[in-house]
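Counting starts at 1 for both ligands and their atoms, following the listed order. The model shown is predicted, which means the values in this text are computed figures rather than measured ones.
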Amino acid sequence: MDAGGISDLDLDKYDADEQVKIICLGDSAVGKSKLMERFLMDGYRPQQLSTYALTLYKYTTTINGQTVLVDFWDTAGQECFRSMHPSYYHKAHACIMVFDVQRKITYKNLPIWYKELREYRPEIPCLVVANKIDADMKVTQKNFSFAKKQGLPFYFVSAADGTNVVKVFKDAIQMALSYKRNSNDFMDEVMRELENFDLDSKEESSAKDEETQEGKPDSA
Ligand SMILES: Nc1nc2c(ncn2[C@@H]2O[C@H](COP(=O)(O)OP(=O)(O)OP(=O)(O)O)[C@@H](O)[C@H]2O)c(=O)[nH]1
Ligand SMILES: [Mg+2]
């Protein structure tokens, strides 16, 4: 199965017009899973596919009258930075990068996560999220300059009390969609070409089918 790709099966199954993939990065215990659970709790109950290192949450939403199927990818147990398998990044349309305001090291590690993200996905939108602000509201006065330096959107959130969680995820979905529609990423263009090519050839072959249908001698 092409886990990161557009799966016609999924689109049919969820009756969706479009599909985007959003990945989540950050050190262990920063709250990646809790954030996802908090967001998904508010509505649709996701189908959850758990494996040792990976959880895939499926979520559908309607944006401008179109049904969008969102695949949220979550990894577990990165005690310290460890390279992710390339398939994790494959065809991702946006990234939510999380650190824990209570543990400085998780902030210090952001550049390492970011560097790897950019190796695989040079252009996708990346949102930086400072989690656990409920533990100490004063941190929101602090200056976390990494996001600003990189020109990335930045949010103070709390998975525990829900502050800004919906906002982050809605923004991420919106950004993923516009990225998917407008990206100039070379590889994405190639993929789009291939997808169109695939559609064209499908149409052609169904046109041929019709021809042969019509061309069949009437048995009556
Ligand atoms: N106070 C507070 N605790 C939180 C918050 N979000 C998560 N936690 C706690 O932080 C711990 C780790 O949360 P997880 O969501 O499991 O962290 P993770 O990033 O998914 O960790 P891995 O799966 O190991 O990579 C848990 O004990 C959570 O209860 C938050 O917003 N506030
Ligand atoms: Mg987790």
Side-chain angles (χ1 to χ4, degrees), residues 3-4 20-59 70-90 92-121 124-144 146-147 150 152-173 176:
V20 290
K21 170 178 171 180
I22 298 178
I23 57 175
C24 205
L25 293 178
D27 287 4
S28 183
V30 292
K32 299 180 296 295
S33 304
K34 286 279 177 252
L35 283 167
M36 261 180 211
E37 281 158 20
R38 163 64 79 160
F39 173 67
L40 295 167
M41 214 172 56
D42 286 346
Y44 180 83
R45 187 107 213 115
Q47 173 203 341
Q48 192 175 325
L49 261 168
S50 262
T51 61
Y52 298 111
L54 178 76
T55 310
L56 175 63
Y57 301 87
K58 297 218 172 247
Y59 171 80
V70 187
D71 286 336
F72 287 111
W73 290 49
D74 179 27
T75 52
Q78 302 276 312
E79 284 305 330
C80 52
F81 175 80
R82 219 178 328 126
S83 275
M84 307 289 299
H85 192 273
S87 62
Y88 191 70
Y89 296 101
H90 181 65
H93 301 105
C95 171
I96 299 174
M97 219 164 61
V98 187
F99 72 97
D100 174 352
V101 292
Q102 300 281 91
R103 285 184 299 138
K104 206 166 184 180
I105 182 70
T106 65
Y107 174 70
K108 290 216 155 147
N109 284 339
L110 288 186
I112 311 176
W113 288 109
Y114 191 63
K115 182 167 175 282
E116 181 167 279
L117 170 70
R118 287 310 181 214
E119 276 163 23
Y120 290 102
R121 303 300 281 148
I124 62 170
C126 176
L127 301 82
V128 181
V129 167
N131 189 32
K132 309 197 188 180
I133 59 163
D134 60 282
D136 176 13
M137 281 303 287
K138 285 200 291 291
V139 295
T140 57
Q141 312 294 317
K142 273 196 199 159
N143 187 20
F144 295 99
F146 171 77
Q150 301 290 341
L152 306 173
F154 177 77
Y155 306 77
F156 283 111
V157 311
S158 164
D161 69 18
T163 308
N164 265 338
V165 174
V166 171
K167 167 98 179 118
V168 167
F169 281 83
K170 295 244 144 128
D171 284 3
I173 295 169

Under 4.0 Å to a heavy atom of Asp134 - the qualifying atoms of ligand 1, by number = 1 (N), 2 (C), 30 (C), 31 (O), 32 (N)
Just going by heavy-atom distances, which of Gly162, Ala159, Ser33, Ala29 is nearest to atom 21 (O) of ligand 1?
-> Ala29
With atoms numbered from 1 as shown, which atoms in ligand 1 lie under 4.0 angstrom from a non-hydrogen atom of Asn131?
-> 5 (C), 6 (N), 31 (O)
Close aromatic pair by centroid cut-off 6.0 Å: Phe169 and Tyr59 = no
Select the closest option to atom 13 (O) of ligand 1 among Ser158, Ala160, Gly31, Gly26, judged by heavy-atom distance.
-> Gly31
Residue pair Phe39 / Val166, side-chain heavy-atom distance below 4.5 Å | yes
Using heavy-atom distances, let me know which of Arg38, Lys132, Met36, Lys34 sits nearest atom 10 (O) of ligand 1.
-> Lys132
For the residue pair Tyr88 and Leu54, establish whether any side-chain heavy-atom pair is separated by less than 4.5 Å.
-> yes
Taken in chain and number order and not counting sequence neighbours, the residues that satisfy ring-ring contact (aromatic ring centres under 6.0 Å, His included) with Tyr107 are Phe99, Phe144
Is the closest side-chain heavy-atom distance between Ile124 and Arg118 below 4.5 Å?
-> yes
Val30 contact mode with ligand 1 (heavy-atom cut-off under 4.0 Å) = both
Are any of the side-chain heavy atoms of Ser33 and Thr55 separated by less than 4.5 Å?
-> no
Part of Asp100 with heavy atoms under 4.0 Å of ligand 1, whether side chain, backbone, both or neither = neither
Check whether any N, O or S atom of Thr55 sits under 2.8 Å from the Mg ion (ligand 2).
-> no
